[in-house]
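Worksheet: the structure to be examined is printed underneath.
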Number of protein chains: 2
Amino acid sequence: MAGAPAAALYQQLKDFVVRKIQEGVWQPGDRLPSESELVTQFGMSRMTVNRALRELSEQGRIVRVAGVGSFVAEDKPQSTLLQIANLASEIRQRGHDYRCDVLVVERVSAALEVAAALDVRTGDSVFHTLCVHREDGVPVQLEDRYVNPAMVPQFGAQDFAQLQPSEYLVRNVPFDQIEHVVDAVMPTPEQAALLEMPVGEPCLLLTRRTWSRGAVITLVRCLHPATRYRLGSRFRADGHPLNG
Amino acid sequence: MAGAPAAALYQQLKDFVVRKIQEGVWQPGDRLPSESELVTQFGMSRMTVNRALRELSEQGRIVRVAGVGSFVAEDKPQSTLLQIANLASEIRQRGHDYRCDVLVVERVSAALEVAAALDVRTGDSVFHTLCVHREDGVPVQLEDRYVNPAMVPQFGAQDFAQLQPSEYLVRNVPFDQIEHVVDAVMPTPEQAALLEMPVGEPCLLLTRRTWSRGAVITLVRCLHPATRYRLGSRFRADGHPLNG
DNA sequence: AAGTGGTCTAGACCACCGC
DNA sequence: CGGTGGTCTAGACCACTTC
């Protein structure tokens, strides 16, 4: 607990503003002092004030409108964020062994649901892969993936023994939008067998779609035995990273 | 398609660096040119170069080490975010009726698990509430909540008919850290009865803890029938909001 | 000692908004 | 028109790492 070196000036100003908001002195919709007023009040340069307010704006605490002013954002963050980590790195970070068995790589004719999700016509040929991801040999995820060949034509020609499907996509087809849906489901007998789990136990089902420039790249359904996998995260509301 | 005004200089530099990384010209672990080198190459001021690299660092594309240099990050943004919305506003946004039945408000002696989660001693008296949240009359969430009385001493004296427990806490005890864990579980017979659902169907269990200044405010376990509730979100990867 | 990133200053020009 | 935020410059000092 040695005297911490004084925080950066822009951070001091950020803290000051956040405190005013949390204490209710500045209410949602209220106007903040302008940059030049803060320059005068705090004796900082405008660049420093601007950085503080810009970062608060990026964090959603305030709203800035050029030519008008800065305002306390409406309502507390009513929604919170859950971080979904990469399975392989998550497992390796725990110091465990990670392995991926690629069970199926094929082209199939898109059924109704898949066609709708990928935004292609029913019956169009799409790529399909099925993988089991293992932590220290135990299956933790059954990954059922469909890929839009219009977006990734060379997908079928990859050697997935070297680079698993999801890694290949992450590295080669950067996405700009992503959609997640989390469900609780009971596994089918086939799924339970592949996951080496009892049929009576529930699973977390994470369904994800990614887009690039408005077109769907891939639809993936990740099935996790609930006893072996939980989605979790811890966040600081102010945007600072949590170390430890 | 009117000629877009030239992007900001710092944005041009960000785009340049991202392109180099995506094209593989700069590989993970590679060292980027130093700020002063970029100043020379691009004819920008150091403040502008610094802003570009700082934002790339915040976005996880590069790693910066004072005194050493800037490096392409090892892993692409491997984790994505799932937004967890406020249940009541989510239901109302769908145009449905929202109702909350408060079944239990009591003080109980903290059992082992609850005491550990709230960071109090086993046997300490804590607040406990149990609520059923309904969408158009149908139960969608069973909320089992424990509150640390040291943090919210007046919690037990509230009129939860007017303001349900979670709303009261959101409005009166701002949190600065939050932890989420998502599980798939089977409901107990009692839980299934309160949720008016069959016992054989799985549930999503969202467990949340919130902190203020390092102390736990509340532990809440939200149990959702999987057939009536899914956790979902769509995000843009670049941090811009998705409108619509 | 030389190089790096982290921060800060005191100016500046611009587009935009509201009057 | 004056005020606002958005951006940019050309310097500067510092703590830190590497040699």
Side-chain angles (χ1 to χ4, degrees), chain A residues 2-17 20-21 26 29-74 238-241 243, chain B residues 2-18 20-21 26 29-74 238-241:
Chain A
L9 288 180
Y10 74 88
Q11 186 61 53
Q12 292 180 34
L13 179 52
K14 285 177 69 175
D15 292 343
F16 171 83
V17 172
K20 284 282 191 219
I21 295 175
W26 293 348
D30 281 3
R31 180 170 177 172
L32 272 67
S34 73
E35 292 193 354
S36 60
E37 286 170 330
L38 290 170
V39 164
T40 307
Q41 286 180 33
F42 287 86
M44 303 169 179
S45 78
R46 208 191 129 205
M47 279 296 284
T48 302
V49 171
N50 178 269
R51 175 167 177 186
L53 296 190
R54 173 163 28 90
E55 294 189 358
L56 287 171
S57 163
E58 285 163 2
Q59 292 169 16
R61 313 290 308 229
I62 69 175
V63 176
R64 316 193 74 198
V65 184
V68 181
S70 302
F71 306 86
V72 177
E74 290 300 331
D238 55 9
H240 291 303
N243 299 320
Chain B
L9 289 180
Y10 75 88
Q11 187 60 54
Q12 292 180 34
L13 179 53
K14 284 178 70 176
D15 292 343
F16 171 83
V17 172
V18 167
K20 285 282 190 217
I21 295 175
W26 293 348
D30 281 4
R31 180 171 176 170
L32 271 68
S34 72
E35 292 193 354
S36 59
E37 285 170 330
L38 290 170
V39 164
T40 307
Q41 287 180 32
F42 287 85
M44 302 170 179
S45 78
R46 209 192 127 206
M47 277 298 283
T48 302
V49 170
N50 178 270
R51 176 167 175 186
L53 297 189
R54 172 162 31 88
E55 293 189 359
L56 287 170
S57 163
E58 284 164 2
Q59 291 169 16
R61 312 291 308 230
I62 68 175
V63 176
R64 316 193 74 199
V65 185
V68 181
S70 301
F71 305 86
V72 178
E74 282 305 330
D238 55 10
H240 292 301

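To find a chain, count down the sequence lines: A is the first, B the second, and so on, and within it residues start at 1. These numbers come from the heavy atoms of this one structure, side chains and all, not from hydrogens, waters or symmetry mates.
- Among residues two or more places apart in sequence or in another chain, the side-chain hydrogen bond (donor to acceptor under 3.5 Å, both in side chains) test is passed with A:Ser45 by A:Thr48.
- A sub-4.0 Å separation between OP1 or OP2 of C:dT4 and a side-chain N or O of B:Ser70 is absent.
- Separating the CD atom of B:Glu37 from the P atom of C:dA2 is a distance of 17 Å, rounded to the nearest angstrom.
- With sequence neighbours excluded, the residues forming a salt bridge (Lys or Arg N to Asp or Glu O under 4.0 Å) with B:Arg46 are B:Glu35, listed by chain and number.
- Whole-Å rounding puts the B:Lys14 NZ to D:dT7 C1' distance at 14 Å.
- Pairs engaging residues 49-71 of chain A under the ring pair (Phe, Tyr, Trp, His ring centres under 6.0 Å) rule: none recorded [sequence neighbours left out].
- Note on A:Arg64: a side-chain N or O is less than 4.0 Å away from OP1 or OP2 of D:dG6.
- Side chain of A:Leu9, nearest nucleotide from D:dG6, C:dT9, D:dT4: C:dT9.
- Pairs of residues two or more places apart, or lying in two chains, that qualify as ring pair (Phe, Tyr, Trp, His ring centres under 6.0 Å) and include a residue from residues 32-61 of chain A are A:Phe16-A:Phe42.
- A distance-only check finds a donor-acceptor pair linking the side chain of A:Glu37 to the backbone of A:Ser34 [under 3.5 Å].
- For A:Arg51 and D:dC8, the CZ to P distance is 16 Å, given to the nearest whole Å.
- Between D:dT4 and A:Ser34, a contact under 4.0 Å exists linking OP1 or OP2 to a side-chain N or O.
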| Could you run down nucleotides 10-17 of chain D 5' to 3' and tag each one B, S or - for protein heavy-atom contact under 4.0 Å? | B-B---BB

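- Rounded to an integer number of Å, the gap from B:Leu38 CG to C:dG6 P is 13 Å.
- Between A:Leu32 and B:Ala8, the residue anchored closer to the 5' end of DNA chain D is A:Leu32, taking for each the nucleotide with the nearest heavy atom.
- If you take CD of B:Glu55 and P of C:dG6, they are 13 Å apart, rounded to a whole angstrom.
- Evaluation of the ring pair (Phe, Tyr, Trp, His ring centres under 6.0 Å) test over residues 47-68 of chain B, restricted to residues two or more places apart or in two chains, returns none.
- The distance from atom CG of A:Asn50 to atom C1' of C:dC14 is 14 Å, rounded to the nearest whole Å.
- Nearest to the side-chain atoms of A:Ser36 among the listed nucleotides D:dT9, D:dT4, D:dG5 stands D:dT4.
- With no hydrogens or angles considered, no side-chain donor-acceptor pair links A:Arg64 and A:Ser57 at under 3.5 Å.
- For B:Arg31, counting side-chain heavy atoms from C-beta on, the closest listed nucleotide (D:dG5, D:dC8, C:dT4) is C:dT4.
- Summarising the geometry, the separation between CD on A:Glu58 and P on D:dG6 is reported as 10 Å, rounded to the nearest angstrom.
- A sub-4.0 Å separation between OP1 or OP2 of D:dC8 and a side-chain N or O of B:Tyr10 is absent.
- Distance A:Leu13 CG to C:dT9 P: 11 Å, rounded to the nearest Å.
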